[in-house]
Amino acid sequence: MELETEKKTESSDSSGEDEEEEHKEAIEKTATDSFNFGKVEECIKKPLNSDQALPSTPALQKAFNKPSSKPAVFIPVDRSPEIQEARLKLPILAEEQVIMEAINENPVVIICGETGSGKTTQVPQFLYEAGYASSNGIIGITEPRRVAAVSMSHRVAKEMNISHRVVSYQIRYEGNVTDETKIKFMTDGVLLKEIQKDFLLLKYKVIIIDEAHERSVYTDILIGLLSRIVPLRGKVRKPMKLIIMSATLRVEDFTDNKKLFPAVPPAIQVDARQFPVTVHFNKRTPADDYNGECFRKVCKIHRMLPAGGILVFLTGQAEVHSLCRRLRKAFPFRKNKTEEKEESVEETRKFKKSKQRKTMPLPKIDLNSYSVLPVDEGDEDREAEMDEDEDAVGSDIDLELGDDGLEEGEKSDSSLPLYVLPLYSLLAPEKQAKVFRPPPLGTRLCVVATNVAETSLTIPSIKYVVDCGKVKKRFYDKVTGVSSFRVTWTSQASANQRAGRAGRTEPGHCYRLYSSAVFSDFEKFSPPEITRRPVEDLIIQMKALNIEKVINFPFPTPPPTEALAAAEELLIALGALKEPLKTGRLKELQRAKLSCPISPLGMTMASFPVAPRYAKMLALSKQHDCLPYAITIVSAMTVREFFEEFERPAVSEEETEKLKGKKARVTQMRRIWAGQGPFQKLGDLMVMLGAVGACEYAGCTPKFCEANGLRYKAMVEIRRLRGQLTTAVNSVCPDAGLFVDPKMKPPTETQVTYLRQIVLAGLGDHVARRIQAEELLDEKWKYAYKTPLLDDPVFIHPNSVLFKQLPEFVVYQEIVETTQMYMKGVSAIESEWIPVLLPPYCHFGKPLENPPPFYCPETGRIRCQRPSVFYRVGWQLPAVEVDYPEGIDRYKYFAKFLLEGKLGSYKRCLLSSPLTMLKTWSKLQPRTEILLKALVSESADSRDALLAAWKKNPKCKCLVSGGAGPTPAGPGSAGWLARGLMVKAG
DNA sequence: GAGCACTGC
C-alpha cells in the first residue's frame, strides 16, 4: 500500500489513471516512447515542403494501413462548383499535401495561419477526405467561442454539401450531433467535460484545437491533457492525432516545452489571404487623452480619406458612448427614407475633401512583414521633417492637410454624414447586429468598439482602423482575490490583430495613436489567461480526473504557485479535497497540500458546471426543498451583468430623462424583489431570486426584461443554466426529482434562512464583519467592514440592497476595487452559524464542561459545546455544538457512554462507575485502562469506528462484555445530501 | 454614493 503511494508521488506524471494499470504504465513512459514517431521538423517560419519527407514509423503506417505519404483511402466529397472555385483561392489548399503528410507522420502537428487562411474550415475537410473519419472515428474541433463552433459547423457542412447529421456542433446548451456525425465542432469546455467521461477520447481519431494562440484556460488545459492522451492512445493501439492551430507564430510555449511535448512537434505555416494594411504611427503619444486623439483622428479620416468604414478601438462602454456622442454631434446625419434602402452605392457618396485630393495608390505593405518590429524608424525621422504631428509610415496620404482644427469648437458638419455605432459585448444583440448591415446611403460607417471587435466579432468593409493602443483588463490579487480593472497598453500581437481588421475586404489603413517607439515597448504577447486569474475551478476539474499533483501537470504555461496553493486551500476548506494528515514536518505538509486527492463531495461538486463555491452550495441544498432556489441563485450569480447598465452619458436631453427613469425603476424593483424583514437578509441574492422568479413567471419575455431593467440575454442564459444544473443535480441524486418550474413559488421565511446558511457554507472565505463602534479609530472605517485577509476597509456596494442595512456579519460574492473596495452580491448571516458551517475557518477552544459532552445517537459520535474565534481576525464566536475534538478525551467520553449503555440496549453489571473513564491515566483502574487502551489502539472513538473494529476483530467485543454489541442506530452513511445540515432556523 | 474588458463547462 505504502509502496504504491510512494510510486505515485514519485512518478513524474500527473494524469494518473490508477484504476487502469495499462494507462498508468503508459503515462510513465510517455517521455521515452510516444513522441518518437518520426524525427521532427523544426520549421517554425517556413512551410514544410513535400520533398522534405519526414521519416515515419512502421507503427503509424500500420495503424492507418497505408504508406505514409499517400492516403490509401480517399473519401469523395461532392462540392458545388462555386464552392470549389472559392476554395481554390485559399492559400491553404496549396499546402494540403504538406499538411496531410505532416499529420500522417506525426502524432502532434502545429499549424500557424492568420485569419483568412481558411485553416479552420479546410483542415477538417482534408482529414475527412483522407479517411480520418471513415471508420468508427470522428474528427473533433474545439473553438473558444460558442458562435464560432456553430457557424464553422454550418459553413463546413455547406462547403462539403453534407448534412448537419454528419458535420455537427456541440456547445453548452445545445448541439446537433448524431450517430452519423463525422466532423464535430465544439467549444473547448465541452471537450474537457468529455474527457471526464472517457479519458482516452476513444471516439475521436483526430482532435483539432483551434485558436490556440488565444490561450483560453480550457485550451491550455486541453493541450496539457492531450499531450498525455495522444501517447496513451498509441499504447492501446488506437492512435489519435492532435493538431494545434494558431493564428500567430507564438508557439514556443507548445514547441519548446519539453514537459509538454518531449519531441518538438512540427509547425507548418500557411499564408493568409489578407489585404495589405498600412500602419501609421503617431509621432507623439498623447499622455492621457487618447479619447480626444481618437476623435480628432476619426474626424480627419472622415474628412479626407476615400470611402470605407472606420473601426475605432477603445477600452470601455463609457468611452465608446462618449466618442459616439461627439462624433454624431460633429457629423450629424438626418434619418431619411434612403436609410432603409440597403444597397449603398459607393459612387454616389460625397466626400468633400477627398474628391478634391488625388487618391494615392495604396502602398503595399504586408501586415505580416512588420508584425514583429516596426520597420519605420528611418521613415519616422524623414516624415518628422515634413510633419510635426504624425508619421505616416510608407504612405503618402497626409491627414494633416486640410485639418481645420475641428476639435476646439467641435462644430457640426452635416454635409458629411457619419453613421456612428457603438459596439461592445454587453450591448443588446439587436443593436450589435446593426454594425453588420450596410450604412444608410450617403453615409460612412464608423464603429466605436471595445475589444470584442478584436476577436469575437468581425465587421466586414472596414478600411480604416483607429487604435488607441489600450485595453481594459481585470486584475486579481493572488492572495486576497480582490479584483480591479485597469487600463494598460495592449500587446504587439493584439495591436496587429486590431490592424488586421482593416484588411478584410480591401487594402486598408491602421492609425495607431502612439509612436512606434511606444509600440516596440509593448509586450509581444499578452500573458495567457491561466496566469492571471484564480484557478480553483480548473483545479477541481483536474482533481476529478485524478490528477493529484497539479503542480506537475504539463501546462503550456503554468499558473503562479501562489494561485495553485490558494486554489488547493480553498478546495480543502470547501471539503472538495481530502485534507493532508497533520502529522509530519511542515515541509512535507506543504508538499502534501499541493497534492490532495479529491473527496466524494468534491466529485459531486466537480460534476456541477459552476464555480466550486457555488457547487458547494448546490451540494448542500437538498434539505427543506431548497434546491430549486439554490439552483436559481447559483445560476444568477454565475451569469454576469444581470441588470442593464444605465450609467452611460446620454446623447440627448430626451435620453437623459429616459435613462434617469430606467435607473429609478431598477432601484425600485431591486427593493421590491429584496422583500422585507427576514427575506431582505438574503440581500442581493434575494434580489436575484426575486428577479428570476418574476421574469420567469412573466414568460421571460424581452418586454418584461426591458420594462424592469434586466438584460434579456442574461435572463435567457440563467434559464438555460437552471435547466442544466437541474439535470446535473438529478443525475447525482435521482430521488430529488427536480424540474425547472417557471411558476416557482417564493421561498418561505424558513427556506430563506436555510438559503442564507447554504450561501455561507459556499462563501466561507468571503465573510466580512462590520466595524464595531469601539473599534472605530479612523474616519475611513466609518460604515466599513473588516475581512480576514485585507488590512484595508471594505464597503457594501451602493447598489446593494443591504447598503443601508449594514448587518454585522455578511458574506459577499466578490470584492471589486475602484475608488474603494466594494463588496458585491451581499447577504447577511448570523455569527452562530459560522462555527457550525465553516469549521475549517474557526479556531476552537476547549470543549465546555457545562453543558457536558454527550453521545449523539444519530451520528454515533461524541458531541460537545465549543467556543471559537474566526481565523486571522479573532472574532469571538458563540459556543456551538460540534463533534468532540480528536484525542484521548474523546476516547474517554466514548468509553463512558459505551459503559453507560448509550450505544445499545444491553445492561451489564459494571464494577466501576462509567464516570471513572474520565479520570486521568494514572487514576484509571486496570480494567478500565484496558478498555481505554483497546479503544485507542483500534481508533474506536465513535459508533461507526467501533463497529468497524469489531467487524475486523470480533475478539474486541470481549473488552466490553461478552454479550451482543450495540445495535447500530439508523444509517451511518453521511451522504452529501443527507448530512444533517444547518442550525435551527430562526 | 457608484463607473466592468472578454470568454468557456
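Below, read A as the first sequence line, B as the second, and so on, with proteins coming before strands; counting in each chain starts at 1.
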Exercise. In whole angstrom, give the distance that lies between atom CD of A/Gln497 and atom P of B/dA5.
Key: 20 Å

Self-check item: Given B/dT7, B/dA2, B/dA5, the nucleotide with the shortest approach to the side chain of A/Pro798
Solution: B/dA2

Practice problem: Nearest 0.5 Å please: distance from the CD atom of A/Gln724 over to the CZ atom of A/Phe608. | Solution: 11.5 Å

Quiz item: Which is true for A/Ser216 with a 4.0 Å heavy-atom rule: it touches a base, it touches only sugar-phosphate, or it touches nothing?
Solution: nothing

Exercise. For B/dT7, take OP1 and OP2 only and decide whether either is under 4.0 Å from a side-chain N or O of A/Arg640.
Key: yes

Practice problem: Would you classify A/Glu641 as touching base, sugar-phosphate or nothing, given that sugar-phosphate means primed atoms plus P, OP1 and OP2, and contacts are heavy atoms under 4.0 Å? | Solution: base

Exercise. Could you check which of B/dG3, B/dC6, B/dG8 has an atom nearest any side-chain atom of A/Tyr424?
Key: B/dC6

Quiz item: Does a side-chain N or O from A/Lys472 land closer than 4.0 Å to OP1 or OP2 of B/dA5, or not?
Solution: yes

Quiz item: Do the rings of A/Phe555 and A/Phe553 sit parallel, tilted or perpendicular, given the 30° and 60° boundaries?
Solution: perpendicular

Quiz item: Does a nitrogen or oxygen in the side chain of A/Gln317 sit under 4.0 Å from OP1 or OP2 of B/dG3?
Solution: no

Self-check item: A/Ser456 side chain near B/dT7 phosphate (N/O to OP1/OP2, under 4.0 Å)
Solution: yes

Quiz item: Side chains of A/Arg146 and A/Glu174: does their closest heavy-atom pair fall under 4.5 Å?
Solution: no

Practice problem: Classify the nucleic acid contact of A/Arg145 as base, sugar-phosphate or nothing, counting any heavy atom under 4.0 Å across all strands shown. | Solution: sugar-phosphate

Quiz prompt | Side-chain N or O of A/Tyr822 closer than 4.0 Å to phosphate OP1/OP2 of B/dA2 | solution = yes

Practice problem: Tell me which of A/Val217 and A/Arg532 sits closer to the 5' end of DNA chain B, going by the nucleotide each one is nearest to. | Solution: A/Arg532

Quiz item: Between the side chains of A/Ser216 and A/Asp188, does any donor sit under 3.5 Å from an acceptor?
Solution: yes

Quiz item: B/dC4 phosphate, OP1 or OP2: any side-chain N/O from A/Arg486 under 4.0 angstrom?
Solution: no

Exercise. Check every atom of B/dC9, B/dA5, B/dC4 against the side chain of A/Lys193 and return the nucleotide holding the closest atom.
Key: B/dC9

Practice problem: May I ask you to verify if any side-chain N or O of A/Thr187 is less than 4.0 angstrom from the OP1 or OP2 atom of B/dC9? | Solution: yes

Practice problem: Please report, rounded to the nearest Å, how far the P atom of B/dC4 is from the CG atom of A/Leu426. | Solution: 12 Å

Quiz item: Is A/Thr187 reaching over with its side chain to a backbone N or O of A/Gly189, donor-acceptor style, under 3.5 angstrom?
Solution: no

Quiz item: Start at the 5' end of DNA chain B and walk down; is the nucleotide closest to A/Val452 or to A/Ile171 reached first?
Solution: A/Val452

Quiz item: A/Thr315 side chain N/O closer than 4.0 Å to the phosphate oxygens (OP1, OP2) of B/dA5?
Solution: no

Quiz item: Contact class for A/Lys824 (heavy atom, under 4.0 Å): base, sugar-phosphate, or nothing?
Solution: base

Self-check item: Distance-only polar pair, side chains of A/Asp684 and A/Tyr812, donor-acceptor under 3.5 Å
Solution: no

Quiz item: Looking only at side-chain N and O atoms, does A/Thr219 come under 4.0 Å of OP1 or OP2 in B/dG8?
Solution: no

Quiz item: Looking for any heavy atom pair under 4.0 Å, which part of the strands does A/Val471 touch: base, sugar-phosphate only, or nothing?
Solution: nothing

Practice problem: Measure the distance from CG on A/Leu457 to P on B/dC6 and round it to the nearest whole Å. | Solution: 10 Å

Exercise. For A/Glu814, answer base if it contacts any base atom (sugar-phosphate contacts may also be present), sugar-phosphate if it contacts only those atoms, and nothing otherwise; contact means non-hydrogen atoms under 4.0 Å.
Key: base

Quiz item: How would you label the contact of A/Arg533 with the nucleic acid (heavy atoms, under 4.0 Å): base, sugar-phosphate, or nothing?
Solution: base

Quiz item: Rounded to whole angstroms, how far apart are CD on A/Glu214 and C1' on B/dA5?
Solution: 14 Å

Practice problem: Pick base, sugar-phosphate or nothing for A/Thr455, based on heavy-atom distances below 4.0 Å to the nucleic acid. | Solution: nothing

